Amino acid sequence: MSKLLAHLNERQLAAVTLPASHALVLAGAGSGKTRVLTTRIAWLISTGQVAPHGVLAVTFTNKAAREMLARISAMLPIDTRGMWVGTFHGLCNRMLRAHHRDAGLPQSFQILDAQDQLAAIKRLLKAAGVDDEKFPPRSVQQFVNHAKEQGLRPPRVEAGDDYSRRLVELYAAYDAQCQREGVVDFAELLLRSHELLERNQLLREHYQQRFRHILVDEFQDTNALQYRWLKLLAGESAALFAVGDDDQSIYAFRGADVANMAAFEREFRVAHLIKLEQNYRSHGNILDCANALISHNSRRLGKSLWTDAGHGEPVRVRESLTDAQEAQWVVEEVRALVGEGWARSDVAVLYRSNAQSRVIEHALFSAGVAYRVYGGLRFFERAEIKHALAYLRLLENPDDDGAFLRVVNFPARGIGARTLEALQDAARFAGSGLFAAAAGMGGTAAGKLAGFTALVERLRAETRALSLPEVVEHVIERSGLLAHYRSEREGQDRIENLRELVNAAAAFLAEEGGASGAPPRDAQPDAAAPASTPLAAFLSHASLEAGENQAGEGADAVQLMTVHAAKGLEFDAVIVTGLEEGLFPHENSVAEPEGLEEERRLMYVAITRARRRLYLSFAQTRMLHGQTRYSVRSRFLDELPAELLKWLTPRAQAAPASWREGWGGAWEGIGRPAGKARAHPGGEPLRPSAADQRAAQRFDRGVAFRVGQGVVHARFGEGVIVGIEGSGDDARVQVNFGREGLKWLALSVARLEAVG
DNA sequence: TCGGTTCAGAGTATT
DNA sequence: TCTGAACCGA
């Protein structure tokens with residue numbers, strides 16, 4: 001036991017060994033958060049304060065859940081199976097499987113991923129004859145998910161106008177459709193589980209008494225419903241141990257509410273607020289930068305990172321003329337690092353938005369530097385995998401219309417849109433699913449439909465006695481999928497993936513019972529539920545864990561990812577690119593203070609990824625959406641202490657604040673309507689100081705006029721260039737003449753003189 | 001039913 | 001600029 005607690009610092013030790021009461025641990029980046037969480041669980045169990053059975057630990061990602069379980073297992077020689085460790089969705093799924101009847105779900109309910117959900121909504125809108133111009137499926141999807149994340153069923157959603165009322169109707173119709181088909185979406189897992197506990201006193205009390213200790217990771221990322229779920233599960237007697245970092249809250253856009261931290265402290269009368277501020281990851285200068293930056297945010301719980309690892313190197317800052325040159329510099333720097341003996345895989349290139357990866361990839365590719373991009377299509381999201389899963393889902397649940405429609409004519413069986421429309425009408429009339437309705441169809445297409453349903457029935461019968469991987473293999477072959485891809489010229493990869501699906505099923509079967517996603521195996525009342533089939537469990541697994549994207553994980557390659565994707569990771573060297581106003585902070589966020597603060601937290605996350613070396617980079621111009629965008633360097637750079645920075649290019653004066661307020665990075669270019677460029681709200685001409693102008697021209701290469709340049713026009717008087725488009729004879733500039741307003745002037749025509 | 005063309009839109013993302 | 005979805009002709 002002393003071994004368990006060795007190597008913990010004083011604060012960590014205090015957190016790990018807290019008495020059984022509610023606690024909030026404010027865990028800074030790199031402060032040993034996961035260690036505290038897992039050691040606490042090991043401590044509680046090994047001291048006999050709680051049985052594994054009485055522990056519930058919840059995370060947001062499968063990766064985090066796996067890591068947590070692995071670390072607990074490494075610390076404890078016991079069977080961790082009785083513990084509930086998993087994602088919110090995984091745990092809710094587990095609960096709903098065990099109590100599907102009480103939850104009003106069929107035993108073999110299927111889980112819709114975001115893609116499936118969108119398809120279901122499109123189908124609904126079409127069937128209801130809704131104008132999808134007025135109600136774009138994506139908006140409806142967002143509306144539904146948002147409502148569910150707030151814990152609101154249709155009757156409780158506030159709708160003040162006709163449009164909202166219609167959305168609420170669609171929400172209700174969507175829920176009805178899901179219920180009819182025996183499917184649930186991600187948010188529904190949470191909501192259904194919450195309602196189950198809320199309505200069923202016996203069940204609620206059972207779980208409340210069972211879970212003596214509930215531990216939550218990344219608490220700042222919880223949404224309203226997740227918080228309520230935790231509250232309900234904790235009841236009066238459990239100890240809720242929440243770990244989080246308000247400064248790393250970067251998911252407000254998907255419903256996360258940092259306010260849950262303060263609410264938790266208040267509502268649970270948290271007596272123990274422990275701050276973990278000692279950082280074991282980064283050198284001092286990096287942390288000082290992070291601290292300085294985040295201090296610009298208001299409404300913080302308050303925390304300051306420190307290290308005893310020494311100051312380390314200064315933070316390097318680099319200005320480039322264009323995004324392409326920035327990318328080229330990244331390549332050179334990576335090469336230099338590798339030359340000095342750094343591993344490529346310990347270098348990360350971060351960016352604010354995915355679109356930025358293109359230039360960097362291009363440069364790395366051309367230079368022959370191995371790289372790996374995070375994100376993209378994941379294994380279980382691939383079309384061929386989705387097709388195979390659709391067949392498997394139909395075996396489990398013939399009411400799954402989404403699955404039916406996905407494969408009824410794939411591979412092609414001559415069942416076209418007309419047939420399906422007739423079938424959907426028949427199903428609606430009969431109040432049944434498509435599969436059931438297919439049996440009663442007449443007409444010429446009836447034979448083809450019957451052929452399909454017979455195929456599914458046959459597959460079901462043939463696979464009854466097979467093991468899970470055999471079922472998958474059988475279905476892939478006999479459904480015609482394999483033959484279809486064999487006849488396709490470029491089907492080889494898809495066939496490989498389908499074979500990989502068989503392997504995934506085998507691996508799942510082998511691991512089942514250990515990690516998350518497994519069906520419940522506990523004592524009452526969970527065990528009272530009939531064990532679901534391995535296939536049903538595998539299908540849940542496939543929905544809840546989309547799997548890896550892209551191979552090459554082990555390779556020694558430079559890591560490219562968004563800042564969001566980098567959260568939770570760390571690298572020896574980090575290069576943050578695109579630090580420009582409008583991009584980072586993103587222009588869609590700067591309007592509201594909340595948005596800007598979240599961007600700043602995002603920057604804080606980016607900075608704190610670096611262990612030893614940090615580069616911050618920006619470019620004067622960037623090609624985005626096919627246009628050249630002229631930008632001003634990010635305000636975040638100017639919020640860092642100058643003495644910690646080492647400029648690799650001459651440091652120019654910061655742009656005046658008014659530049660950002662006005663247009664936050666000018667967007668100009670060919671085809672962009674002039675009206676899109678926003679003028680400074682005051683309408684006054686913007687006059688950069690002489691120093692600013694010198695700075696602005698420092699990297700000038702042949703562009704006579706540039707954004708920020710003061711000019712004089714014979715008729716309009718003095719103004720400032722706010723946008724440039726085209727080149728040569730076609731070049732035009734947009735000038736803010738203050739009282740005269742914004743004008744587009746062709747340089748070949750207008751006589752403009754530079755001033756200042 | 002497929003393949004080519006046209007058009008809009010382009011932030012971040014886990015389950 | 002680039003992508004994905006929608007649309008049209010064979």
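First the proteins, then the strands, lettered A, B, ... as listed; each starts at 1. Everything quoted here is computed from the prediction, not taken from an experiment.
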Where along nucleotides 1-6 of chain C does protein come under 4.0 Å, by heavy atom, of base (B) or sugar-phosphate alone (S), with - for untouched nucleotides? BSS---
Could you pick out which residue, A/His586 or A/Ala417, lies toward the 5' side of DNA chain B when each is mapped onto its nearest nucleotide? A/Ala417
Can you check the distance between C/dG4 and B/dA13, where both ends of the measurement are the P atom (answer in whole Å)? 15 Å
Qualifying salt bridge (charged side-chain N to carboxylate O under 4.0 Å, His left out) pairs, either residue in residues 558-568 of chain A, two or more places apart: A/Glu218-A/Lys567, A/Asp221-A/Lys567
Just say parallel, tilted or perpendicular for the rings of A/Phe538 and A/Phe508, cut-offs at 30° and 60°. tilted
Rounded distance in Å - CD (A/Gln356) to C1' (B/dA10): 13 Å
Is A/Glu581 salt-bridged to A/Arg635, going by a charged N under 4.0 Å from an acidic O? yes
Walk me through whether A/Phe410 and A/Arg406 qualify under side-chain contact (heavy atoms from CB on, under 4.5 Å). CA-CA 7 Å; A/Phe410 193 93; A/Arg406 185 167 192 110; over 6 Å; no
Are the aromatic ring centres of A/Tyr207 and A/His99 under 6.0 angstrom apart? yes
Does the ring of A/Tyr251 carry A/Arg254 above it, NZ/CZ under 6.0 angstrom from centre and within 45° of its axis? yes
Pair A/Phe452 + A/Phe404: ring centers closer than 6.0 Å: yes
Is the shortest side-chain N to carboxylate O distance from A/Lys33 to A/Asp245 below 4.0 Å? no
Give me the distances for all protein-to-nucleotides 12-15 of chain B N/O pairs that come in under 3.5 Å?
| unit_1 | atom_1 | unit_2 | atom_2 | d |
| --- | --- | --- | --- | --- |
| B/dT12 | OP1 | A/Asn354 | N | 2.4 |
| B/dT12 | OP1 | A/Asn354 | ND2 | 3.2 |
| B/dT12 | O4' | A/Arg352 | NH1 | 2.9 |
| B/dT12 | O2 | A/Arg352 | NH2 | 3.2 |
| B/dT12 | O2 | A/His564 | NE2 | 3.4 |
| B/dA13 | OP1 | A/Thr562 | OG1 | 2.8 |
| B/dA13 | OP2 | A/Asn354 | ND2 | 3.4 |
| B/dT14 | O4' | A/Arg254 | NH1 | 3.2 |
| B/dT15 | OP1 | A/Asn62 | N | 2.7 |
| B/dT15 | OP1 | A/Asn62 | ND2 | 3.3 |
| B/dT15 | OP2 | A/Arg378 | NH2 | 3.3 |
| B/dT15 | O3' | A/Leu544 | O | 3.4 |
| B/dT15 | O2 | A/His89 | NE2 | 3.4 |

Select base, sugar-phosphate, or nothing to describe what A/Asp116 touches, counting heavy atoms under 4.0 Å on all strands. nothing
When the C1' atoms of B/dT14 and C/dT3 are compared, how many Å lie between them, rounded to an integer? 23 Å
